[in-house]
Amino acid sequence: MINIFLLLALLSFTSDAAVNDFCVAELKGPDSPSGYHCKPPKSVTVDDFVFSGFVAGNTTNIFHAELTSTVVTDFPGLNGLGVSAARLDIAKGGAVPMHTHPAATELLIMVEGQITAGFVTPFEVYKKTLKAGDVMVFPQGLLHFQVNSGKGKASAFLAFSSANPGVQLLDLVLFGNSLSSELIAQTTFLDVAQVKKLKARFGGRG
């Protein structure tokens, strides 16, 4: 009998709990670890839950690769839902160099072509050549890469376990800033001339 009363009390308590089905991002406000503030419900429309333009990206850049993202800043309806997505297109010979997503695990779903992808730890390399229909997961925060190793273009869809996974591209972090070439050389064991060459390529100074 006591158990029944406890169960009824619990159900009574939880039935009064406030539950939001969604929280469309108010992008004009500040971001926080828990996401953006919610738009007023009366201003929410179906367009907040639809993303258009998930098409092949322009791969005429330094990496010959393009990521078309649908993170919360592109797609406000994702706010607070813990998911986001992207489309990856890599031209022949192109690559997405070493990078991390500090806030999310990544799932790569191959659609076309051939991509050699992998992630690294201090002790091991996990690398695989992927073809259409293959899926690979990259654990949160680990350095990983994707290289077009086929004879034509390659494409894949990506899913993330966060509405805002973040990204840190190693080449840009190291060589796209104003940290002196001498310090970078000392901390990476590259020679200064090579560091300056890479800084020139990635827009760094110093």
Where is the tightest heavy-atom contact between [X] and [Y], given as atom of each residue plus distance?
X      : Y      : result
Ile115 : Ser149 : C-OG, 3.9 Å
Asp191 : Ala185 : C-CB, 4.2 Å
Gln140 : Thr105 : N-OG1, 3.3 Å
Val71  : Leu78  : C-CD1, 4.0 Å
Ser181 : Val192 : CB-CG1, 4.2 Å
Ser155 : Arg87  : CB-NH2, 4.4 Å

message: Does atom NE2 (His37) have a neighbourhood of more than 12 heavy atoms from anything else shown, all under 6.0 Å?
response: no
Counting distance only, does the side-chain N/O of [X] pair as donor-acceptor with the main-chain N or O of [Y] below 3.5 Å?
X      : Y      : value
Asn148 : Ile90  : yes
Asn79  : Pro76  : no
Asp171 : Phe175 : no

- request: Go through the steps for His99 and His144 under the test side chain to side chain contact (heavy atoms under 4.5 Å, CB included), then give the verdict.
  value: CA-CA 6 Å; His99 63 284; His144 59 284; 2.9 Å; yes
Would you indicate whether the side-chain heavy atoms of [Y] and [X] approach each other to under 4.5 Å?
X      : Y      : value
Tyr126 : Val120 : no
Gln168 : Pro102 : yes
Asp74  : Phe51  : yes
Ser84  : Ser69  : no
Phe22  : Asp48  : no

I'd like to know if [Y] and [X] are part of one continuous hydrophobic network [Ile/Leu/Val/Met/Phe/Trp/Tyr, side-chain heavy atoms within less than 4.5 Å].
X      : Y      : result
Val125 : Leu143 : yes
Ile109 : Val137 : yes
Phe75  : Val44  : no
Val147 : Leu169 : yes
Ile62  : Leu172 : yes

[X] [atom1] to [Y] [atom2] distance, which is reported to the nearest 0.5 Å:
X      : Y      : atom1 : atom2 : result
Met136 : Glu106 : CE    : CD    : 10.0 Å
Thr68  : Leu158 : OG1   : CG    : 10.0 Å
Phe202 : Asn177 : CZ    : CG    : 12.0 Å
Leu174 : Lys199 : CG    : NZ    : 9.0 Å
Gln194 : Thr188 : CD    : OG1   : 9.5 Å
Met110 : Glu112 : CE    : CD    : 8.5 Å

field: Residues Lys153, Asp89: salt bridge by 4.0 Å N-O rule
entry: no
message: Using the rule given for side chain to side chain contact (heavy atoms under 4.5 Å, CB included), can you reason through Val96 versus Leu67, listing the C-alpha separation, both sets of side-chain angles and the distance that settles it, and then say yes or no?
response: CA-CA 9 Å; Val96 180; Leu67 196 73; over 6 Å; no
Any donor-acceptor N or O pair under 3.5 Å, side chains Glu66, Thr59: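 Distance-only check fails for Glu66 and Thr59.
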message: Checking side-chain polar atoms at under 3.5 Å, does Thr129 have a donor or acceptor matched by the opposite partner on Thr116?
response: yes
task: With side chain to side chain contact (heavy atoms under 4.5 Å, CB included) as the test, would you mind laying out the steps for Phe49 and Val24 before giving the verdict?
output: CA-CA 8 Å; Phe49 303 101; Val24 174; 3.5 Å; yes
- request: Give the C-alpha distance, both sets of side-chain angles, the deciding distance and a yes or no for side chain to side chain contact (heavy atoms under 4.5 Å, CB included) between Asn164 and Asp31.
  value: CA-CA 10 Å; Asn164 198 6; Asp31 191 9; 3.4 Å; yes
query: Does the pair Asn58 and Thr60 meet the rule for a side chain to side chain donor-acceptor pair (under 3.5 Å), with working shown?
result: CA-CA 6 Å; Asn58 183 357; Thr60 58; 2.6 Å; yes
- prompt: Using 30° and 60° as the class limits, which term best fits the ring planes of Phe138 and Phe119: parallel, tilted or perpendicular?
  reply: perpendicular
task: Measure centre to centre between the rings of His101 and Phe160, then say whether the value is under 6.0 Å.
output: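 Close enough - the centres of the two rings lie under 6.0 Å apart.
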